[in-house]
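The next block holds one structure in the form of structure tokens; read it before the comments.
In this text the structure is predicted, and so the values were computed from the model without any measurement. Protein chains get the first letters and strands the later ones, always in sequence-line order, with residue 1 at the start of each.
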Protein chains: 2
Amino acid sequence: MNELKERIAAAAHELFTEHGPEGVSMRKIAQQVGVTAPAIYRHYKDKGELLDGIINDGLEKLQSRLAPALEAATPLERLRRMGDAYLDFAIEQPTFFDYAFMTPKRSSGSISEELQRHDRRIFRHAIEQVTHCIHDGTFGPSDPIEVAIRVWSTVHGLITLFRTGRLGLGDDQFRETYRRTVDQMLADLRPRND
Amino acid sequence: MNELKERIAAAAHELFTEHGPEGVSMRKIAQQVGVTAPAIYRHYKDKGELLDGIINDGLEKLQSRLAPALEAATPLERLRRMGDAYLDFAIEQPTFFDYAFMTPKRSSGSISEELQRHDRRIFRHAIEQVTHCIHDGTFGPSDPIEVAIRVWSTVHGLITLFRTGRLGLGDDQFRETYRRTVDQMLADLRPRND
DNA sequence: GTCTATAGGTGGATAGAC
DNA sequence: GTCTATCCACCTATAGAC
């Protein structure tokens, strides 16, 4: 019925994806849809409502990538797949990744609460899998939280170095580097003999 | 002689530090200095010249932190101190760190060449120290570049997770977590018996 | 439901008086 | 060297005609 509303959302999404949050303006959306700016206000209360929609879509996509990771057989495999999901998301939705996970918190609480909830849940899952890995002897005895932070930092660090262009690699080259680096890190968490 | 020019630079610096790059405008600088906006153009060609000054100052500060790290006795200690310097810089110049190291590269080459040069030099030093660590038996046999990427990712990942508020820690708490995590990672790079 | 017109705000930068 | 006045571009959002 209300196809204009959807076309507005799609245009907003496209502007966000291609030019970042600063690239989204009511005028540009309107121009892309083929109406004037005030017409948008018949369908959306204000700009914030449009941006909220974009954020929700992004979080849903991330969620849909992460969920299957937790179905894997072993805790180590679940951990690995979570990292893969995080990587896939960063490569498929780069602008959203940058905006959601690379934007400083700034004094005024700019980070959305929705996002924060998702974030804590991911971390909680990671700690859980690490705990299992320690108990079943896949990893050596350590503090699960500390190990989870280490795993998360490495994965997140790799991806942000890549996203800021500091590794000088293309998508495919980076995927290989990511794979090798994460596997080696996980291997080094095995119990030691000395 | 030209103290107004310095006061303009100082005001620009302060606005940048407190409100980020978006918070710097000719009008606000002028207001803070106590003149009108056009007066600034007698001292600076345009806004870009002002921002360049801020970037140069920041890179100089980072450089002054990193240089002493390379004077340490062992390659492992040099590596550790480089990480510490990076952390100190992120905590002391948070806005600059965010802008320089957490901003996505975007299609149009927005990352300054100066910055890129510094970056590559840091990475080159890291690879060098890692190579020494492998040769003198501090680390097990591995590809130096890969290990350097791992070390750098962990350090960078920890700091960016902290800077985006996702670890939920204050400066001092984070310093402890950082210390423990990095030390443990370096320890796990020792040669293995199995 | 969309339009025009407009209010009221941000910003960078220049011309010409003083 | 600084001022006022101004131009231009951009933005969000509303009022009221159609």
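- Looking at heavy-atom distances under 4.0 Å, Thr36(A) makes contact with a base.
- In this structure, Met26(B) places its CE atom 6 Å from P of dA13(C), rounding to the nearest Å.
- Checked for salt-bridge contact, Arg180(B) and Asp143(A) miss the test: no charged N lies under 4.0 Å from a carboxylate O.
- Ring-plane geometry between Phe101(A) and Phe89(A) is classed as perpendicular, the angle between the planes exceeding 60 degrees on a 0 to 90 degree scale with a lower cut at 30.
- If you check the side chains of Gln129(B) and Arg81(B), you find no donor sitting under 3.5 Å from an acceptor.
- Of the residues in residues 40-55 of chain B, those placing a heavy atom less than 4.0 Å from an atom of DNA chain D are Arg42(B), His43(B), in numerical order.
- Between Lys61(B) and Asp57(B), none of the side-chain N atoms (NZ, or NE/NH1/NH2) sits under 4.0 Å from a carboxylate O, so this pair counts as no salt bridge.
- Between the CG atom of Leu15(A) and the C1' atom of dC11(D) there is a distance of 14 Å, rounded to whole Å.
- Residues Arg179(B) and Asp84(B) meet the side-chain proximity criterion, which asks for heavy atoms closer than 4.5 Å.
- Using a 30° and 60° split on the angle between ring planes, Phe174(B) and Tyr178(B) fall in the tilted class, from 30° to 60°.
- The distance between atom CD of Glu3(A) and atom P of dG1(C), rounded to the nearest whole Å, is 12 Å.
- Taking 4.0 Å as the cut-off between side-chain N and carboxylate O, Asp188(A) and Arg150(B) count as a salt-bridged pair.
- Here the P atom of nucleotide dG1(C) and the CG atom of Leu4(A) are 9 Å apart, to the nearest Å.
- A heavy atom lying under 4.0 Å from DNA chain C marks the following residues of residues 27-35 of chain B, by number: Arg27(B), Lys28(B).
- Salt-bridge check for Arg65(B) with Glu92(B): passed, with a basic side-chain N closer than 4.0 Å to an acidic carboxylate O.
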